[in-house]
Amino acid sequence: MSNSVHQSTPSPNRKGKQKRIDLIEPQNESSPKRQRVLSSATRIFILADKLTTEEHDALRSLVVDLGGMNANMTFANVILTSMRAPRRIERYLNADVINRHVPVLHTSWLHDSARERLLLAYEPYKIMGGASPELEKQREELGLDVVGSSEHEQTEEKKAIPPPSPPHSDSQTLQEETNDDDSQTEDEDDATFQRALTPFQSTQQEDCEGDPDWKNVDYACMRPSPLKSKQNQALVDELEVLRLQRILAGKQEMNATAYGRAISAIKAYPHSLQPNPSNAKNLKGVGPKIAKLIVQYYEEGRIAEVDAIRKDSAFQTMSRFMQLYGVGPKRAREYYSGGARSMDDVIKMGGSLGVHLHIDECLRILPDLQRTIPRLEVEEISKTIFDELNIIAPGSTYVICGGYRRGKPESNDVDIVISLPRPLQRGEEPDRGIWNVKEQIAVMDKLLKTLKRKAFITHVVNVSTPASVYEMTYSRLELAEVVVMPSRSETIPVPRYRRVDIILGPWETHGAAVLGWTGSRQFERDIRLLAKHKGFTFHSTGLVHQGERAPLSTPQEEDIFEILGLEYMPPRLRNCDA
DNA sequence: GGGCAATCAG
DNA sequence: CGTAT
DNA sequence: GCCC
């Protein structure tokens, strides 16, 4: 029983003489044995002055040998000279080159690069140019993004959130305790940034260098990632296709993970990779293979493998199957290899989805669920739920998380995180300790019952109670995955079925719940990874120190960032996924 | 060559 | 184990 | 696929 999807694919990708592309085994043998040092997008102009003709010719052929291109001054993105005095060099440059801040390097850069078989950083060789007039603009926009992100959670979150903790704040004690092998102090973190920054050799007219905001770090949770990349979003969308395909193909989950990380690295890179795409491999998470694809994309305007995947009917069909709740890559493959080609086929084959929803009901509401939800409707749905809850458990607060909180104009679902009020039992009961689990369950129960009775909740997809690793008695949430049908209103002229996640938890770990439910996916994975490396376990029920059982008190998101020694990242800059 | 997030119910 | 978040 |  071969489960390899693409074997059943009737080779749709043999198009004329085009390079044959095997979806299962992408060609990796084709890489040249002699690695090119320069990208073909490196266009070099060598100032003739002061050089003998022989020297000049030698340099020009060296450029070609290394895989670069010789260009005239107008099209060059690097200029080489044997002179040292900027004032003198300027006389040989035209105004345009100066305006564009094309980097001017000493010729030894080329020789050294040839010797090292490696594209060396411009910086040590740079005589002039290389500054970026675009940088200022981008930084401003970034700043705007941060400042302008007035979260809607303020509407209901009564207690004003204190500003993000400054880098060096008082509660460092925890960190020092965990100062084992890989927990870093903040200073070490900074050092890491510096080290990470220098080897980035790109430069290329405007690039990283001199950009204090961009850090080539390896945790997505450490770098601001906007909703969409301003410069490379089209590339990101291409790579996302490859990621999906690796998931669907099976046996390549780790490749999919790698594409996810590469995508997040590109999302956070605030410059275009176009001028010098081969430099992409300097981004943490982008290795030789993906770098090659990026070069191909910017040189040819497309990635051949992506084109092939997009056309592949097996890929299309299985992608559609996966839209059904309860159908992941495995079942999609099973359906497909079982002969299913349409949703109707899937219904006929039946089988359990391991979900309370029946498959045909699932299919019936699917057209609605595929539609995105405008922000105003997200808010209205949330309010409906919260109003009801506030009757059951007065004094609660809520935050709309998920994509909404990250600033997406349209959401796929509604994630609402509710914090139950502090118990407050007449002088008794300190800050820590047991929260009333039974009450939590009861509250969720009542809430669901009421909303079902009012026909607001139409389907309960699943109810679960995520808890801390070791003991259920410590910190748990109630999670209800439901489908609602809001009533018609001004903001909802055409009501549709909408997926809603209701998360209900104690006040003490509210910050963890909010952080855990805000995403994005890659952001979550990396903050969990970081936590692990620092001796913690993090998930939406709380931040737990290794060896402990009870989670730390983290009523606010900021508490977690601070404990992890992580700079606060505003929700709108956590869009680390495609 | 090991690790890649961490948890849930069916 | 496969799936969902 | 990528990183340490």
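Residue numbers start from 1 in every chain, and the chains themselves are labelled A, B, ... in the order their sequence lines are given, proteins ahead of strands.
The side chain of A:Arg261 lies closest to B:dA5 when the candidates are C:dA4, B:dT7, B:dA5. For A:Ile290, the side-chain atoms get nearest to D:dC2 when compared with the rest of B:dT7, D:dC2, B:dC4. With B:dA5, C:dT3, D:dG1 as the candidates, the nucleotide lying closest to the side chain of A:Leu529 is B:dA5. Minimum atom distance to the side chain of A:Asp218 is reached by D:dC4, of the listed D:dG1, C:dT5, D:dC4. Taking only side-chain atoms of A:His539, from C-beta outward, the nucleotide of B:dT7, B:dC4, D:dC4 with the closest atom is B:dT7. Out of B:dT7, C:dT5, D:dG1, the shortest distance to the side chain of A:Asp415 is found at C:dT5.
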* Asked: How far apart are the C-alpha atoms of A:Arg302 and A:Glu238, what are their side-chain angles, what is the distance that settles it, and do they pass the salt bridge (charged side-chain N to carboxylate O under 4.0 Å, His left out) test?
  -> CA-CA 8 Å; A:Arg302 59 187 176 70; A:Glu238 295 278 293; over 6 Å; no

Are A:Arg375 and A:Glu380 close enough, and set up right, to give a salt bridge (charged side-chain N to carboxylate O under 4.0 Å, His left out), and what steps lead you there?
CA-CA 9 Å; A:Arg375 294 182 70 83; A:Glu380 189 161 319; over 6 Å; no

Could you walk me through whether A:Glu508 and A:Ser553 satisfy the side chain to side chain donor-acceptor pair (under 3.5 Å) test, starting with their C-alpha distance in whole Å, then the side-chain angles of each, then the deciding distance to 0.1 Å, before giving a yes or no? CA-CA 5 Å; A:Glu508 287 247 34; A:Ser553 175; 3.0 Å; yes

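To the nearest whole angstrom, the two P atoms, one in B:dG3 and one in C:dT5, are 29 Å apart. For the P atoms, the distance from B:dA5 to D:dC3 is 15 Å, rounded to whole Å. C:dA4 sits 23 Å from B:dC4 when the P atoms are compared, rounded to a whole Å.
In this pair, A:Phe321 and A:Tyr335 present their aromatic rings perpendicular. The plane angle is above 60°, beyond the 30 to 60° band. The aromatic rings of A:Phe561 and A:Phe523 are tilted relative to each other, their planes meeting at an angle between 30° and 60°.
Distances shorter than 4.0 Å separate none of the side-chain N or O atoms of A:Lys281 from OP1 or OP2 on D:dC2. The shortest distance between the side-chain N/O atoms of A:Lys330 and the OP1/OP2 oxygens of C:dC1 is not below 4.0 Å. Between C:dT5 and A:Arg499, a contact under 4.0 Å exists linking OP1 or OP2 to a side-chain N or O.
For the pair A:Asn216 CG and D:dC4 P, the computed distance is 10 Å after rounding to whole Å. A:Lys284 has its NZ atom 9 Å from the C1' atom of D:dC3, to the nearest Å. A straight line from OH of A:Tyr259 to P of D:dC3 spans 13 Å, rounded to a whole angstrom. In this structure, CD of A:Gln245 is placed 13 Å from C1' of D:dG1, rounded to the nearest angstrom. The distance between atom CD of A:Gln252 and atom C1' of B:dC4, rounded to the nearest whole Å, is 16 Å. When the P atom of B:dA5 is taken as reference, atom OH of A:Tyr219 falls 11 Å away, rounded to whole Å. Distance, A:Asn462 CG to B:dC8 C1': 7 Å, rounded to whole Å. As rounded to whole Å, 15 Å separates atom C1' of B:dG10 from atom CD1 of A:Ile359.
With salt bridges taken as basic N to acidic carboxylate O contacts below 4.0 Å, one links A:Arg243 and A:Glu240.
When heavy atoms are screened at a 4.0 angstrom cut-off, A:Leu242 is found touching no nucleic acid atom at all. Counting any heavy atom pair closer than 4.0 Å across all strands shown, A:Asp501 reaches sugar-phosphate atoms only and no base atom.
For B:dA6, the paired nucleotide is C:dT5, the pair qualifying as Watson-Crick or G-U wobble because both relevant distances are below 3.5 Å.
Checking A:Val463 against A:Arg528, the closest nucleotide of DNA chain B that is more toward the 5' end is the one next to A:Arg528.
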